[in-house]
Amino acid sequence: MISIQNLNKVYDPNLIALAEISLEIKSGEIFALLGPNGAGKTTLISSICGLTRQTSGFIKVSGFDTIRNYKKTRSLIGLVPQEFPLENYESVIETVKFTRGLFGKNPDADYIEKILKSLKLWEKKNTPIIALSGGMKRRVLIAKALSHKPKILFLDEPTSGVDVQLRKEMWDLIIDLRKGGVTVILTTHYIKEAEIIADRVGILNRGKLLLVEEKKRLIKKFGKKVVSVELREKLYSIPKKLSKEKVSLSEDKNSIFFEVSNSDNKMGISNTLKIIAETGLSIKDIHTSESSLEDIFLEIIADEERH
Amino acid sequence: MNFNSIKAIYKFEMARAVRTIMQSILAPVVSTSLYFIVFGAAIGSKISQLDGVPYGAFIIPGLMMLSVMTTSVNYAAFGIYLPKYTGSIYEMMSAPISAFEVIIGYVGAAATKSILISFLILLTATAFVSFEIQHPLWMLILLIITGITFSLFGFIIGLWASNWEKLQLIPLIVITPLVFLGGSFYSTSMLPVFWQTITKLNPIFYIINGFRWSFFGSSDVAIHISLFCMITFLLLCITVVSIIFKTGYKIRD
């Protein structure tokens with residue numbers, strides 16, 4: 001669906017926004033672009049959508065070049081920007097109709113009504129933008145982006161500044177759009193968001209694409225499980241038998257814990273637990289916790305910073 | 001050609017004027033009436049005729065030109081500056097629309113609004129003086145060319161401006177003085193020779209006089225010179241706008 005090859009965006013020699021980005025985004029997937037502030041997420045989206053001109057490299061959407069065939073590629077794309085760039089005194093319905101027209105489509109009152117109803121904006125259709133809450137404005141931007149029935153939807157930080165309920169509604173909407181055949185690419189600081197809705201994840205830092213992986217595979221590949229064994233009696237030093245197992249003692253001396261990578265956790269856990277049992281320690285309880293996508297993300301970024 | 005996109009921009013810009021319809025109609029009617037009271041009745045009564053035309057009628061083409069030039073610049077400049085200011089220009093840049101189509105939409109709307117207002121001034125003038133238009137078709141053609149040209153110029157200002165002050169700068173310190181000093185309210189024959197020469201350096205003088213010719217069949221300048229000036233300025237504006245869109249100046253990073 002989207003093919004990016006050796007994409008570079010250089011503002012000046014000291015400011016490289018994107019460096020040799022190559023990426024394939026598949027049709028019908030939800031792809032999350034993760035990265036800290038200034039990583040290049042918005043620049044990458046802007047380059048695909050036509051807001052920024054790349055310094056070098058190629059971007060193709062459905063096989064069409066975004067520069068040579070810009071009319072074709074842009075007609076396939078809807079964009080929801082990060083801020084609220086709306087004209088305050090326009091009504092909700094007029095601004096959505098305007099976007100549909102701008103994208104070259106004939107008026108379609110039924111479709112506009114359907115979008116506004118699905119985004120719970122129908123009651124506010126004649127309300128000027130200035131009178132809407134932040135969450136409502138976000139929905140208006142989504143309605144505008146969907147007004148011309150795009151095949152690809154870009155969402156730049158879609159849930160920043162929205163409340164918990166609206167965030168959940170946004171996620172449901174994104175999942176529904178995917179079910180309807182729309183490819184969704186979102187950028188987010190909120191890693192939990194990617195963990196919940198994304199199929200694949202790309203991590204950007206300082207303009208470089210560090211990795212692209214299926215979310216489940218990424219968690220399996222880089223994730224860790226922490227096993228905490230609560231003891232019936234305090235333990236003041238790790239028994240010799242456990243010294244090879246990378247087992248640590250908790251500060252309160254009431255439990256010991258060890259890490260097992262997700263890729264081989266079954267054998268790792270049973271082996272270590274067997275050795276603990278052999279030492280004669282009396283176990284009160286066992287807890288496990290898995291590393292989240294956020295933990296993995298932070299580790300990858302930290303690793304990149306170290307290098 | 002993406003007609004739906006052009007229509008969307010055009011309608012959106014026209015709707016902006018409709019939202020402030022009272023201001024759009026009242027302002028030109030009141031200001032024209034004031035001009036006629038001050039220049040037509042008070043000063044005009046001291047001037048019998050200019051080039052065989054009663055003074056009240058003589059200033060009508062000047063008033064219409066003053067209006068069409070300033071409003072088309074303001075409408076077009078504001079029209080493209082506001083999306084830049086609010087950030088909503090992202091839509092224009094991500095839409096499947098060419099620079100040429102964007103220009104037609106914005107410039108078309110600004111020119112339409114300014115031409116309609118100048119007709120409103122013409123209508124208001126009939127309440128104060130009686131006159132006949134010698135070449136109505138030429139009057140319409142010249143009005144349309146001027147409206148389009150100055151809308152293009154306004155579009156350039158709107159793209160160039162990085163703040164509200166800059167947006168107002170050119171219309172206030174360049175356009176308005178040049179229009180006032182371009183023979184809107186007087187004939188060059190009323191000026192000393194030195195100032196006649198200075199006036200002839202003002203390009204707007206030729207545009208206003210061409211328009212006056214369409215009303216009265218005579219003016220300070222031959223019509224073909226006026227037409228040449230108008231078309232040269234039009235082509236200059238088209239060239240600058242084309243370069244701006246081609247290079248992405250002040251639009252794309």
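Within every chain, numbering begins at 1; the chains are lettered A, B, ... in the order of the sequence lines, protein sequences first and strands thereafter.
More than 12 heavy-atom neighbours from other residues, nucleotides or ligands sit within 6.0 angstrom of CZ on B:F128. Heavy atoms from other residues, nucleotides or ligands lying under 6.0 Å from NZ of A:K71 number more than 12. Within a 6.0 Å sphere centred on OH of A:Y111, heavy atoms belonging to other residues, nucleotides or ligands number more than 12. Around CH2 of A:W122, the count of heavy atoms belonging to other residues, nucleotides or ligands within 6.0 Å exceeds 12. Within 6.0 Å of CZ in A:R206 there are 12 or fewer heavy atoms belonging to other residues, nucleotides or ligands. Residue A:K124 places its NZ atom among 12 or fewer non-hydrogen atoms of other residues, nucleotides or ligands, all under 6.0 Å distant.
Applying the side-chain contact (heavy atoms from CB on, under 4.5 Å) criterion to A:Q82, with sequence neighbours excluded, gives A:T42, A:D156, A:E157. In this structure, the side-chain contact (heavy atoms from CB on, under 4.5 Å) partners of B:I144, at least two apart in sequence or on a different chain, are B:I115, B:L140, B:I148.
The distance from atom CG of A:L51 to atom CD of B:E91, rounded to the nearest 0.5 Å, is 10.5 Å. Put simply, OH on B:Y90 and NZ on A:K144 are 5.5 Å apart, with the number rounded to the nearest 0.5 Å.
In terms of heavy-atom pairs under 4.5 angstrom with chain B, the leader among A:G104, A:S46, A:A145, A:P107 is A:G104.
In this structure, A:R74 contributes its side chain and B:A95 its backbone to a donor-acceptor pair below 3.5 Å.
Near-neighbour residues of residues 86-102 of chain A relative to chain B, defined by a heavy atom under 4.5 Å from a heavy atom of that chain, comprise A:L86, A:E87, A:Y89, A:E90, A:F98, A:T99, A:G101, A:L102. Along residues 2-19 of chain B, the residues that come nearer than 4.5 angstrom to chain A, judged on non-hydrogen atoms, are B:N2, B:N4, B:S5, B:A8, B:I9, B:F12, B:R16, B:R19 in order of number.
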